[in-house]
Undergrad: 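Dropping a structure here in structure tokens format, bear with me for questions.
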Protein chains: 2
Amino acid sequence: MIELHQINRVFRNGESTVHALRDVDLRIEAAEYMSILGPSGSGKSTLMHILGCLDTATGGRYILNNHDISTLDVNQMAAIRNRNIGFIFQRFHLLPRSTALQNVAMPMRLAGMKNADRMLRAAQLLQRVGLGDRMHHRPSQLSGGQQQRVAIARALANAPQLLLADEPTGNLDTQSGSQIVQLLEELQAEGTTVVIVTHDEELAARTGRVVRMLDGKIASDAVKA
Amino acid sequence: MIELHQINRVFRNGESTVHALRDVDLRIEAAEYMSILGPSGSGKSTLMHILGCLDTATGGRYILNNHDISTLDVNQMAAIRNRNIGFIFQRFHLLPRSTALQNVAMPMRLAGMKNADRMLRAAQLLQRVGLGDRMHHRPSQLSGGQQQRVAIARALANAPQLLLADEPTGNLDTQSGSQIVQLLEELQAEGTTVVIVTHDEELAARTGRVVRMLDGKIASDAVKA
Ligand SMILES: Nc1ncnc2c1ncn2[C@@H]1O[C@H](COP(=O)(O)OP(=O)(O)OP(=O)(O)O)[C@@H](O)[C@H]1O
Ligand SMILES: Nc1ncnc2c1ncn2[C@@H]1O[C@H](COP(=O)(O)OP(=O)(O)OP(=O)(O)O)[C@@H](O)[C@H]1O
Ligand SMILES: [Mg+2]
Ligand SMILES: [Mg+2]
């Protein structure tokens, strides 16, 4: 489903150059359940943004469902993102002036779903992450873990084929966190490809494959026996 | 040092009313090392904002170093915050158009420290959290865990007497996280009062006292034997 071949990503700002990803090779099958771990700054989020068609590599090839992503223009990439990819951002990126409900409905609106349908589905998704009584709150009126759960619900809005979760339980207590993991595992059992960046070794141990990064490189890539 | 007496905090927005803190009583001694745990939405950050003089209770009394905080005006509260309190926010709240160095120097500038002195101290603090080579990056040019560490360094800028850390290791791998915990413990050994909100039971087990919250109330408050 996914093939990354010799992916490089360099950030240049004025005099500083950061080689955030170096010669990354990665193959991900449909419905795979994998985790990505590594020290702070090792390139995990950068890799996720390239997988999610939110950033373009400075070198190498990204093949997603047989499309060479480097041949697509900005609009084609946006269309792929909207229909096929759900992204849970490490920093959430919720719209501050919209309610939880509006934030979750947004991807469905972009996909052309009717208003009544998307409001109903958004409410159901928020119920599913335990926020049924917080639907009309704006992000500043929510706790950190509640904002994280809105970001999770929003990523599921268009029932994506590929779910990229960048530290989805970082702000959640053990119980809320395991409810989210359970939800991600249900989706994977239904055929969604689930890639989780995490610092939680216990969560990583539940996944079928653990990729460890170090200084922009893949240091190890181990499939569970 | 700190006395909270029957603290209540109610949020009213339109038709919704959230009773985020209910009848909270809490005494914190100087140089205490304590953690606060509880489910997502249980009131931890709300409690921290009141302790940090960033929010005012709707009921009850807050005595800090023998000052009744409810008798202070906005400017007096700001002065106490700037000089005595370091706050590591769950959502970081870095200035997006300033560099890591400028972000860390900001509280020192507000306190009237000279430019050369504050730039030197800001650089030292960033070195201490492992960001010596990221000083001139702006938040969008930093990883999530690097942004968290800038927020930590900034909270230490004015060598505060009270350090409030709202999930300070949430975005950090085990190694970076334990470096931060070590730093917080050094400060506490030097006399700083350290209050940590965390979801990490292992971190909580290191502290001298564990307070657990549930639905806006303190459910338990246990000092280590
Ligand atoms: N726009 C940018 N300009 C310059 N450097 C950048 C930029 N974005 C990221 N970096 C750097 O690239 C490296 C990788 O960042 P990335 O966000 O992928 O790390 P990460 O593994 O997700 O870390 P964390 O666990 O802290 O979230 C970091 O050292 C970071 O400082
Ligand atoms: N401005 C606000 N308006 C309405 N409700 C609010 C507001 N701010 C917070 N709340 C609610 O108050 C409750 C407590 O929020 P708080 O941020 O203190 O929780 P928390 O314990 O820090 O949670 P987390 O672990 O998820 O960070 C939550 O249910 C939240 O929805
Ligand atoms: Mg990251
Ligand atoms: Mg909180």
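Scope of the values below: all heavy atoms of this structure, side chains included, with no hydrogens, waters or symmetry mates.
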Undergrad: Within a radius of less than 6.0 Å around CD of Glu202(B), do more than 12 heavy atoms belonging to other residues, nucleotides or ligands occur?
TA: no
Undergrad: Of the backbone (N, CA, C, O) and the side chain (C-beta and beyond), which part of Asn171(B) lies under 4.5 Å from a heavy atom of chain A, both, or neither?
TA: both
Undergrad: Using a 6.0 Å cut-off, check whether atom CZ of Arg128(B) has over 12 heavy atoms from anything other than its own residue.
TA: yes
Undergrad: Which answer fits Ser45(B), side chain, backbone, both or neither, if we ask what part of it has an atom under 4.5 Å from a heavy atom of chain A?
TA: neither
Undergrad: Please check if atom NE2 in His5(A) has more than 12 non-hydrogen atoms from other residues, nucleotides or ligands closer than 6.0 Å.
TA: no
Undergrad: With a 4.5 Å cut-off on heavy-atom pairs, point out which of Gln147(A), Lys44(A), Arg138(A), Gln148(A) contacts chain B the most.
TA: Gln147(A)
Undergrad: What I'd like to find out is whether the side chain of His137(A) reaches to under 4.5 Å of the side chain of Val18(B), using heavy atoms alone.
TA: yes
Undergrad: Among the options Gln90(B), Arg91(B), Gln175(B), pick out the one with the most heavy-atom pairs lying under 4.5 Å from chain A.
TA: Arg91(B)
Undergrad: Using non-hydrogen atoms only, which part of Glu15(B) is less than 4.5 Å away from chain A: side chain, backbone, both, or neither?
TA: neither
Undergrad: Measure Arg149(B) against the heavy atoms of chain A and call it side chain, backbone, both or neither at under 4.5 Å.
TA: side chain
Undergrad: More than 12 heavy atoms of other residues, nucleotides or ligands under 6.0 Å from CG of Asp215(A): is that the case?
TA: no
Undergrad: If we define contacts as heavy-atom pairs under 4.5 Å, which of Ser176(A), Pro39(A), Ser42(A) has the most with chain B?
TA: Pro39(A)
Undergrad: Whether the side chain of Asp173(B) engages the backbone of Ser40(A) through a donor-acceptor N/O pair (distance < 3.5 Å, no angle test) should be reported.
TA: yes
Undergrad: Looking at Gly177(A), Gly43(A), Gly144(A), which one has more heavy-atom pairs under 4.5 Å with chain B than the rest?
TA: Gly144(A)
Undergrad: What residue, out of Gly130(B), Gly145(B), Ala20(B), Gly38(B), has the most heavy-atom pairs lying under 4.5 Å from chain A?
TA: Gly145(B)
Undergrad: Give, as side chain, backbone, both or neither, the part of Arg134(A) having an atom under 4.5 angstrom from any heavy atom of chain B.
TA: side chain
